[in-house]
Amino acid sequence: MGCGGSKSTKTNDEKQNEEEEDYLREPETISDDLEDIIAGYPPPKPSLKKKKHIFTEQDKNSADARAEQIKVEDYQTMDDLAHALTDGLTNDVQKVRAIFTWIGLQGSSEIKSKKDNGIQDVTSPLIIVRQVAQRKLSYNFLFISLCRAAKIPCVRIRGLGKSVSYEVGDKDVDNLNNSWTAVFVAGEWHFVFPLWAFSAVVGHSEGNWTLVETQGKGARKKEEKSSGLTISHINDYYFLTGAEDFIYVCYPHDKKWQLLAQPFTKQDFIDIAYCRPDYFKNHYKITTPTKCIYSSVRGVCEIGIKKLDKGESSYAYKLYFNHAISNTTLPSEIQLERYVAIFNEEHSMRFRVRFPSAGIYKMEIYGGRPLLCVFKLECNEDVNYVKPFPCNPKSGFGPNSLTEEAGLKAQSHKTGFINIKQTKNFNMIFNITKNVLVQTVLIHDNMEQETLTKHVNHKRKGQKLDINVNLPQKGEYALQINTKDKDSGGSFVNACNYLLTSENINKKRKPYENAVEKRARKALQQNAHSNDIETLQKALDDFDKVDLEDKGDRHKVEERLTYLNLRKELKDAIARRHGEKLKEAIENAKSSEYEANLKSLIEEAEDLLGQLQRLKGFAHDILKMQQTTISEIHNYKRPKPMAYDVMKATYVLLGEEERRVQEWEQIQTLMRRTGKEGLLRRIRQFDIVHVTENMINHSSQILRPYDEERIRVSSAGLATFYKWAMNIIEEMTK
């Protein structure tokens, strides 16, 4: 982002130069005539158009190409320079872009080295540009001067900017004086911040922070105090920046220049989350309160963030401790690793921070490499009871895109935190989507792996993976689920992780529940008898998110969910009439404690499975026939009546209309078909559910004059089709 504030060392993309009071380097000509000029300009109004609506790739290419051609020493006046930059461009957005890019391309080192060829005129473009590079004139002055010379309305705006002097969470921001510009293009005012766009500070630090954890790894890296280094570059984010984003870091003294329908107060500006340019450019949203300061509750803070578009995103974090203003020091014996955990929640992430010591902390959240946002974390509690997480997997806790890439899809538990009972076996179910082997590992801070191995197991049932966990004692555990390709012989890779916690463990319980917790418990109680699986699962997930003590409510809902899922599995398998799914559903139901409750559904599923198996048996002999046998029947020129009748009855049962099997030639045509319409494939996929009473009666009437022995004397192939048809008729008659 173009503004500063984080005192840690930054890369060029992470920290922009924000020199306060930039407007003090503007000549009086700007200040003297500003009000008169503004009086003739359109009044500031809330901006309705976003940058993407008015600034196209073609605008960028045309304007940037023009800017690259213009050399400052070729022009004697600012009017001449502005004309050269904008002449022939098709709209004001392109003209402003050409001016913007040209200024950025000058670069301070190049400007300082240009020869003036004896130019004495202080209003010449070369002299002005050099004075900007020497910090005697502001970028604002140069940008405004060229815009006005190009007849484009442009004004300077004074206010507060969260610059390099800003520290996240600062309540006193009155020293952050700065100035930027607004240009009137495409019928509206839009922001351009020349200083933040064209210069950057790297390596600035007040030396107050110690890096204590990053990506689950402990650290004790104290920052060195440094004023940093100013460099020149071009940051496109500060060209036509959206008003709804800009207000996060820049607060004009005149509120109408916020260009917002609902202006911020100064307190809003102080309290709002500290978000960097990549947060806005890549469309992220903070899902917890959008504020810059979080206070711990029972030794924990949580920060949620998600990506609004469909693009994938990886996350990283850094946790710092402020050794300068904290009332305590970090105990030397504590190594802060595994005190931050990432929880996957569908398309969002939640960072849960535990504090092993009271004090002031800072959390930086990254979207891969770019810094997205920074938060100040305050812990003023007794946190001696707080312990680290059992592990801190890079992919976080809970299913995510990596889980599916590894060949698993969660069916039963889709959030990473699970509160379970010590005395109850805990099961979770995944679909297996690839040909993989599975490994399950239980982790605890103080227990041997050999002991834990006995308390987790898994078994595969077709394409279902059933994982069973039985905790040896109360405590907090991590469950790691790993997979590897069955045929490659490679190493296991981490596919999914869960944080498992038994009741009342590692938590200092409050004697009361807050409003959010009360709502979560009430929702669980109200939905305890619901038949809607999604409603029950959401109530359970919401209950687990706030980590409430189970007073029996959670157990009842969990049991209800297990029953409903088993019932749904049976009903779905019956509806799909799928043999393997029926076997699996019947086995799961019979091995559960709800076998008696599901008795009628189990019997229905077993009856259907028996029928499907009989149908498969009926088709067995036909499917074993040689193609030559079918071809022999097909090639009959003048078949006996029995041959015609057997094949006609067969096709009637397969669903052919009477008019399509009136003549032997029609049946021959049907027998010549291949693919989905091929005879053997139709019999293989045949299901009795599609057979009507009329079809049975008609086929039965056709075959009544014959018996299997008589037909077999004539043709073994015909006898096989006859037997299949009679079996189907008998099955339906029963």
Can you say whether the rings of F264 and Y248 are parallel (under 30°), tilted (30 to 60°) or perpendicular (over 60°)? tilted
Would you say that more than 12 heavy atoms from the other residues, nucleotides or ligands in this model lie under 6.0 Å from the NZ of K409, or not? no
Would you please name every residue forming a ring pair (Phe, Tyr, Trp, His ring centres under 6.0 Å) with F269, sequence neighbours left out? Y251
Where do K307 and D309 land on the salt bridge (Lys or Arg N to Asp or Glu O under 4.0 Å) test, with the steps shown first? CA-CA 6 Å; K307 208 169 190 304; D309 58 28; 2.8 Å; yes
Shortest non-hydrogen contact from T501 toward N419: O-OD1, 2.8 Å
If we only count heavy atoms from C-beta on, is the R276 to L372 side-chain gap below 4.5 Å? no
Picking from R338, K387, R354, what satisfies salt bridge (Lys or Arg N to Asp or Glu O under 4.0 Å) with E476? R354
Face-on cation placement of K222 at W209 ring, 6.0 Å and 45° thresholds: no
Looking only at heavy atoms, which two atoms of F397 and C391 are closest? And how far apart? CZ-O, 3.4 Å
Does K464 pair with E569 as a salt bridge, N-O distance under 4.0 Å? yes
Close side-chain approach of I272 and C292, heavy atoms under 4.5 Å: no
Any residue meeting side chain to side chain donor-acceptor pair (under 3.5 Å) with T433, in chain and number order, not counting sequence neighbours: none
Show, in sequence, the C-alpha distance, side-chain angles and deciding distance for T535 and D532, and conclude whether the side chain to side chain donor-acceptor pair (under 3.5 Å) test is met. CA-CA 5 Å; T535 299; D532 186 85; 2.6 Å; yes
Ring pair (Phe, Tyr, Trp, His ring centres under 6.0 Å) with H413: which residues, sequence neighbours excluded? F426
Residues which pass side chain to side chain donor-acceptor pair (under 3.5 Å) with N597, listed by chain and number, not counting sequence neighbours: none
For atom NZ of K291, decide whether the heavy atoms of other residues, nucleotides or ligands shown that lie under 6.0 angstrom number more than 12. yes
If we count only N and O atoms by modelled type, under 3.5 Å, do the side chains of E364 and Y366 hold a donor and an acceptor together? yes
For the residue pair E213 and Y317, confirm or rule out a side-chain donor-acceptor distance under 3.5 Å. yes
Heavy-atom check, side chain of V386 versus side chain of P356, under 4.5 Å: no
Say whether Q463 and N431, considering side chains only, have a donor N or O and an acceptor N or O under 3.5 Å apart. no
Using every non-hydrogen atom in the two residues, find where A358 and T328 come nearest and quote the distance to one decimal. O-OG1, 2.5 Å
Whether R298 engages the ring of F355 as a cation-pi pair (distance to the six-membered ring centre under 6.0 angstrom, angle to the ring normal within 45°) should be assessed. no
Looking at Y594 and L566, what are the two nearest heavy atoms and their distance? CD1-CD1, 3.9 Å
Starting from the C-alpha separation in whole Å, work towards a yes-or-no answer on side chain to side chain donor-acceptor pair (under 3.5 Å) for N565 and T562. CA-CA 5 Å; N565 276 314; T562 303; over 6 Å; no
Apply side chain to side chain donor-acceptor pair (under 3.5 Å) to N494 and N497, showing your working. CA-CA 8 Å; N494 186 227; N497 307 278; 2.6 Å; yes
Over all heavy atoms of both residues, which pair between H444 and L452 is shortest? Give the atoms and the distance, please. N-CD1, 3.5 Å
Validation row: N457, V469 side chains within 4.5 angstrom (heavy atoms): no
Any idea which heavy atoms bring G396 and N344 closest together, and the distance? C-ND2, 3.8 Å
Under the criterion salt bridge (Lys or Arg N to Asp or Glu O under 4.0 Å), I'd like the reasoning laid out for E345 against R350: C-alpha separation, chi angles, the key distance, then a yes or no. CA-CA 7 Å; E345 297 178 352; R350 189 173 288 257; 3.3 Å; yes
Would you say that V168 contacts K362 through its side chain, given a criterion of any heavy-atom pair below 4.5 Å between the two side chains? yes
Can you find a pair of side-chain heavy atoms, one from K522 and one from K518, that are under 4.5 Å apart? no
Residues two or more places apart in sequence or in another chain: which of them pass side chain to side chain donor-acceptor pair (under 3.5 Å) with K266? D174
Could you tell me which residues satisfy side chain to side chain donor-acceptor pair (under 3.5 Å) with K281, sequence neighbours excluded, listed by chain and number? none
Can you check side chain to side chain donor-acceptor pair (under 3.5 Å) on N531 and R560, steps first, answer last? CA-CA 9 Å; N531 286 320; R560 179 73 176 162; 2.3 Å; yes
Quick one: do D572 and R576 make a salt bridge, cutoff under 4.0 Å? no
Taking the side chain as everything from C-beta on, heavy atoms only, tell me whether F389 gets closer than 4.5 Å to R352. yes
